[in-house]
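Structure, as structure tokens:
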Number of protein chains: 2
Amino acid sequence: MDQIDRNILRELQKDGRLTIQDLAQRVGLTSSPCMRRVRQLEQDGVIQGYRAVINPEAVGRGFEVLVSIEVKRDREAVEAFEAALQEIPDVIEAYRLFGSPGCLLRIAVADLTAYERLWIERLTTLSGITEVNSQIIMKRVKEPQGLPVDD
Amino acid sequence: MDQIDRNILRELQKDGRLTIQDLAQRVGLTSSPCMRRVRQLEQDGVIQGYRAVINPEAVGRGFEVLVSIEVKRDREAVEAFEAALQEIPDVIEAYRLFGSPGCLLRIAVADLTAYERLWIERLTTLSGITEVNSQIIMKRVKEPQGLPVDD
DNA sequence: AATGAAAAATCTTATGC
DNA sequence: GCATAAGATTTTTCATT
């Protein structure tokens with residue numbers, strides 16, 4: 001990976017639908033070598049895929065909550081808990097942490113009412129957990145812009 | 001937005017580089033009406049953009065930390081703090097919360113050493129804050145797959 | 001109001017240099 | 001890495017439902 005590859009990654013994180021030609025121009029190449037580099041980056045797993053970014057409000061997911069969950073410290077409980085998370089579509093991101101809480105979720109739902117229902121029906125009922133703590137997001141302060149790519 | 005539009009959103013979140021023709025086939029249209037719908041969704045701001053998804057390890061960002069920060073409850077402190085966050089590229093996401101902590105960051109750096117440097121140089125020195133608490137991410141439990149789109 | 005078919009413009013991709 | 005050319009795709013236009 002050289003400077004040109006890093007520029008390609010930067011550009012494709014800003015606009016994942018750039019044509020190879022536009023991309024080539026921005027990184028100072030013609031399209032054939034540019035395309036070869038992009039395909040290589042895809043094959044190598046550096047570029048894992050491409051995604052449309054959807055406005056959460058537009059699909060009824062404008063209400064976000066961070067949920068800290070304390071999970072029992074044993075392998076079975078952790079595995080069952082993490083498998084259960086995969087089945088809840090409202091859970092957008094989930095991280096297992098060192099220390100306490102054992103897990104943090106980001107959840108997106110329509111509104112407080114929807115969250116109350118989710119909380120009572122699917123979060124408090126998760127097996128292997130000892131505590132659930134919800135924090136409502138007031139505002140997204142920094143929009144995800146992809147990862148910075150250092151020179 | 002009808003059922004077809006929702007299917008388009010689902011498909012483009014899975015693969016943001018689908019050709020209009022493939023997309024059209026998947027949602028049961030021919031390419032012209034399909035393209036018009038996609039452009040409309042873009043114009044309406046439902047589709048906010050397209051992004052390549054980069055492997056964090058591949059760009060030296062495989063070490064992630066969640067940082068809870070308590071910010072002074074006054075407008076100036078909050079605004080200065082949030083502006084400062086925009087200038088730290090290692091901060092990938094940031095949320096302002098109701099209650100405590102006032103703010104949660106997700107940070108991606110190369111390793112623990114890089115995080116130590118960031119913490120001492122740029123986090124503890126932020127103005128208007130009263131507490132910084134770092135939690136290292138052991139594992140991403142649920143990969144971001146975009147937002148669920150309900151029928 | 002939205003779709004489908006077909007043609008023109010543009011883009012992707014393979015090949016030879 | 002570049003230039004070219006063949007093959008796909010995008011995008012426009014116009015007729016259709």
Side-chain angles (χ1 to χ4, degrees), chain A residues 1-62 110 143-151, chain B residues 1-60 144-151:
Chain A
M1 267 228 301
D2 59 7
Q3 190 55 47
I4 294 179
D5 282 335
R6 286 188 284 270
N7 281 329
I8 288 175
L9 295 180
R10 274 189 279 263
E11 294 297 335
L12 287 179
Q13 283 191 108
K14 283 191 283 191
D15 182 358
R17 280 204 89 133
L18 270 180
T19 65
I20 296 288
Q21 296 185 5
D22 278 355
L23 179 60
Q25 196 174 357
R26 288 179 200 210
V27 302
L29 288 177
T30 54
S31 50
S32 346
C34 182
M35 194 185 73
R36 232 169 311 144
R37 282 167 179 269
V38 172
R39 295 293 168 266
Q40 193 65 51
L41 289 166
E42 289 167 353
Q43 278 203 337
D44 294 348
V46 176
I47 297 175
Q48 300 183 313
Y50 302 88
R51 288 210 140 69
V53 179
I54 304 301
N55 181 348
E57 300 284 356
V59 293
R61 299 273 172 188
E143 292 298 324
Q145 298 155 34
L147 294 169
V149 180
D150 295 326
D151 291 330
Chain B
M1 266 227 302
D2 59 8
Q3 191 56 48
I4 294 179
D5 283 334
R6 286 188 285 269
N7 281 329
I8 288 174
L9 295 180
R10 274 189 280 262
E11 294 297 335
L12 287 179
Q13 282 191 108
K14 283 191 283 191
D15 181 357
R17 279 203 91 130
L18 270 180
T19 65
I20 296 288
Q21 298 186 24
D22 279 356
L23 180 59
Q25 199 174 357
R26 288 178 200 211
V27 302
L29 287 177
T30 53
S31 51
S32 351
C34 181
M35 193 187 73
R36 232 167 312 135
R37 280 167 181 269
V38 172
R39 296 293 167 266
Q40 192 65 52
L41 289 166
E42 290 168 354
Q43 278 203 336
D44 293 349
V46 176
I47 297 174
Q48 298 182 314
Y50 301 87
R51 296 210 129 75
V53 179
I54 303 302
N55 181 345
E57 300 284 355
V59 293
Q145 300 156 32
L147 294 169
V149 180
D150 296 324
D151 292 330

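Sequence lines set the chain letters: A, B, ... in the order given, protein chains first and strands last, and positions in each chain run from 1.
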Inset, instruction - State whether Asp150(B) and Arg61(A) are salt-bridged, where the test is any N-O pair (Lys NZ or Arg NE/NH1/NH2 against Asp/Glu carboxylate O) under 4.0 Å. - result: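 Salt bridge flag = yes for Arg61(A) with Asp150(B).
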Inset, instruction - Go through the steps for Met1(A) and Leu41(A) under the test side-chain contact (heavy atoms from CB on, under 4.5 Å), then give the verdict. - result: CA-CA 9 Å; Met1(A) 267 228 301; Leu41(A) 289 166; 4.1 Å; yes
Inset, instruction - Would you grab the first and last nucleotide of DNA chain D (5' to 3') that comes under 4.0 Å of any non-hydrogen atom in chain B? - result: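 Taking any atom under 4.0 Å from a heavy atom of chain B, the span is dT9(D) to dT12(D).
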Nearest heavy atoms of [X] and [Y], plus distance in Å:
{"X": "Ile47(A)", "Y": "Ala52(B)", "value": "CG2-CB, 4.3 Å"}
{"X": "Cys34(A)", "Y": "Ile20(A)", "value": "SG-O, 3.9 Å"}
{"X": "Gly16(A)", "Y": "Tyr50(A)", "value": "O-CD2, 3.6 Å"}
{"X": "Val59(A)", "Y": "Ile54(A)", "value": "CG1-CG2, 3.8 Å"}
{"X": "Gly45(A)", "Y": "Asn55(B)", "value": "O-CB, 3.2 Å"}

Legend entry - Side-chain donor/acceptor of Asp2(B) to backbone N/O of Ile4(B), under 3.5 Å: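 A pair under 3.5 Å: yes.
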Legend entry - side chain to side chain donor-acceptor pair (under 3.5 Å) contacts touching residues 13-31 of chain B (sequence neighbours left out):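 Qualifying pairs: Glu11(B)-Arg26(B).
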Legend entry - Nucleotide range of DNA chain C lying under 4.0 Å from chain A heavy atoms: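 The protein-touched segment is dC11(C) to dA14(C).
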Inset, instruction - Name every residue in residues 36-54 of chain B that has at least one heavy atom under 4.0 Å from any atom of DNA chain D, in order of residue number, or write none if there are no such residues. - result: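 Listed by number, they are Arg39(B).
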Inset, instruction - Mind running a 4.0 Å heavy-atom check of residues 25-32 of chain B against DNA chain D and sending the residues that fall below it, in number order? - result: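 Residues of residues 25-32 of chain B under 4.0 Å from DNA chain D: Ser31(B), Ser32(B).
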Legend entry - Heavy-atom side-chain proximity of Arg39(B) to Met35(B) below 4.5 angstrom: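 Counting from C-beta outward, Arg39(B) and Met35(B) do come under 4.5 Å.
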Inset, instruction - Please list, chain by chain and in numerical order, all residues satisfying side chain to side chain donor-acceptor pair (under 3.5 Å) with Asp151(A), sequence neighbours excluded. - result: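 For Asp151(A), the residues satisfying side chain to side chain donor-acceptor pair (under 3.5 Å) (neighbours in sequence not counted) are Gln3(A), Arg10(A).
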Legend entry - From Val27(B), Leu29(B), Val149(B), residue fulfilling side chain to side chain contact (heavy atoms under 4.5 Å, CB included) relative to Asn7(B):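 For Asn7(B), the side chain to side chain contact (heavy atoms under 4.5 Å, CB included) test succeeds with only one of Val27(B), Leu29(B), Val149(B), which is Val27(B).
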